[in-house]
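Structure first, commentary second.
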Amino acid sequence: METCLLPANAEGVRRAAELLRAGEVVGIPTETVYGLAANAWDEEAVRRIFVAKGRPQDNPLIVHIADREMLYEVAARVPEQALALADAFWPGPLTIILPRGPKVADAVCAGLDTVGIRMPSHPAAQAVIRASGLPLAAPSANRSGAPSPTDAKTVWEDMQGRLPLILDGGECQVGVESTVVSLAGDVPMVLRPGYVTPEQMSQVLGCPVQVAGAVTRQLQAGETVRSPGMKYKHYAPKAEVTIVRGDRDTFARYVAAHPAEGLFCLCFAGDEAVLEVPCVHYGTEQDPAAQAHDLFSALRRLDELGAKTVYARCPEMEGVGLAVYNRLLRAAAFRVVEP
Ligand code: TXA
Ligand code: MG
């Protein structure tokens with residue numbers, strides 16, 4: 001299949017909507033990461049996403065909507081708490097898990113009776129949803145297991161030949177995937193951290209918001225899998241990544257004491273002054289939003305440079321930093337050292 005890369009202008013949006021209505025998969029920009037979109041009502045179309053991505057069938061997809069009417073079509077019920085979160089954070093990088101409406105294709109929910117819903121803020125994503133008139137199921141637009149793409153060129157590299165169209169809407173602002181919050185249990189629970197933090201949601205809801213244990217550690221044998229995405233290998237570059245906790249000097253001492261073949265550091269801007277190996281930056285030490293913005297492109301850059309071993313500075317594990325840590329931890333296959 002020939003893959004077309006078009007700017008996300010009126011013509012690109014029109015073409016995307018046409019293909020989506022015909023049951024095809026289209027690569028679209030969102031404010032978090034690029035997505036592989038298909039008609040969420042259409043079983044066949046959604047299956048094409050799984051094929052294009054090489055995604056395990058039991059990992060459900062997020063449905064992207066453009067207005068409240070679509071919310072009531074996709075969800076079977078919309079509790080007060082969901083409306084409060086939607087008012088506060090939509091359109092934006094928050095996915096809310098709700099009871100699944102009957103029209104949603106089975107493949108979207110992978111057998112669960114819930115569905116993840118989000119209203120993206122990227123104007124091109126909104127335009128494509130509106131122009132197609134469809135809610136769009138869309139996972140991140142990477143081949144399964146690779147870091148999520150934050151620009152159209154990366155989607156092209158991963159997906160060329162596997163779908164008819166990718167829309168180029170520039171670089172993603174946020175850089176890590178949406179926060180996933182479940183309202184299915186007794187207490188709201190974050191299943192995947194993102195740009196919208198548990199603290200912010202707790203303030204809006206006026207109640208505690210829990211964070212699932214598997215956000216900051218490996219799933220344990222027999223533990224309930226609340227979000228199937230937690231089970232799988234993720235964001236993995238080719239190099240073996242190890243997170244090194246501690247401040248800049250501790251990090252520099254660890255790096256000096258542990259030489260390795262093809263060694264690179266994944267560090268914060270400015271750290272290179274104390275390091276004697278090649279470095280790739282992700283943001284600055286004080287700015288977790290900048291770390292989130294840069295992380296996936298930095299992981300891909302390390303692959304391009306042929307890194308074999310990577311020592312990574314550890315982000316703060318709170319606020320947006322929790323999302324950064326969660327992704328980096330998976331990229332590192334849970335290897336963390338505390339010198
Ligand atoms: O920012 C994002 O959310 C991006 C863009 C494209 O919108 N999408 C994205 O989709 O990250 P994906 O498929 O890569 O990640 C969806 C995550 C997975 O970890 C999945 O297990 C979880 O959300 N998820 C989806 N539906 C769920 C459900 N009903 N219950 C629990 N977890 C769910
Ligand atoms: Mg993904």
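Numbering of ligands and ligand atoms starts at 1, following listing order. We use all heavy atoms of the structure for the numbers below, so side chains are in, but hydrogens, waters and symmetry mates are not. Worth saying up front: this structure is predicted, and the values here are computed from it rather than measured.
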Does A138 have a non-hydrogen atom less than 4.0 Å from ligand 1? yes
Quick note on ligand 1: atoms under 4.0 Å from a heavy atom of S140 include exactly 8 (N), 9 (C), 10 (O), 12 (P), 14 (O)
N, O or S from S140 under 2.8 Å to the Mg ion (ligand 2): yes
Using a 4.0 Å heavy-atom cut-off, say whether R192 meets ligand 1 through its side chain, its backbone, both or neither. side chain
Pairs of nitrogen or oxygen atoms closer than 3.5 Å, one from R118 and one from ligand 1: do any exist? yes
Would you mind running through ligand 1 and noting each atom that sits below 4.0 Å from a heavy atom of H64? 5 (C), 6 (C), 7 (O)
Given G27, P60, A141, which has its nearest heavy atom closest to atom 33 (C) of ligand 1? P60
F268 and Y282 aromatic ring geometry - parallel, tilted or perpendicular at 30°/60° bounds: tilted
For ligand 1, which is the ligand I care about here, please tell me if E177 has any N or O atom under 3.5 Å from one of the ligand's N or O atoms. no
Per-atom contacts, ligand 1 versus N59 - under 4.0 Å to a heavy atom: 18 (C), 20 (C), 21 (O)
Would you check if the side chain of E43 reaches a backbone N or O of A105 as a donor-acceptor pair within less than 3.5 Å? no
Against heavy atoms of L112, which atoms of ligand 1 measure under 4.0 Å? 28 (C), 29 (N), 30 (N)
What atoms of ligand 1 come closer than 4.0 angstrom to any heavy atom of T114? 28 (C), 29 (N), 30 (N)
Proximity to ligand 1 by part of R55, non-hydrogen separation under 4.0 Å: side chain
Within this structure, what is the CG-CZ distance for the pair L71 and R118, rounded to the nearest 0.5 Å? 14.0 Å
Check T179 against Y195 and note the closest heavy-atom contact, atom names and distance. OG1-N, 3.5 Å
Give yes if a backbone or side-chain nitrogen or oxygen of T30 is under 3.5 Å from a nitrogen or oxygen of ligand 1, and no if not. no
Are P193 and R327 side-chain neighbours, meaning at least one heavy-atom pair lies under 4.5 Å? yes
Among T242, D271, V310, V244, exactly one meets side-chain contact (heavy atoms from CB on, under 4.5 Å) together with L266. Which residue is that? V310
If we set the cut-off at 4.0 Å for heavy atoms, which region of T32 has an atom near ligand 1: side chain, backbone, both, or neither? side chain
Below 4.0 angstrom from a heavy atom of L191, which ligand 1 atoms are there? Numbered from 1 as shown, please. 31 (C)
For residues R300 and F296, determine if any side-chain heavy atom of one lies less than 4.5 Å from a side-chain heavy atom of the other. no
Please tell me if the side chains of V181 and I97 come closer than 4.5 Å, counting only heavy atoms from C-beta onward. no
Looking at every non-hydrogen atom in both residues, tell me the closest pair between A75 and I117 and how far apart they are. CB-CD1, 3.8 Å
With side-chain hydrogen bond (donor to acceptor under 3.5 Å, both in side chains) as the criterion, how do E199 and T197 come out once you've worked through the C-alpha distance, each side chain's angles and the decisive distance to 0.1 Å? CA-CA 5 Å; E199 297 79 12; T197 65; 3.3 Å; yes
Check: Y34 N/O within less than 3.5 Å of ligand 1 N/O: no
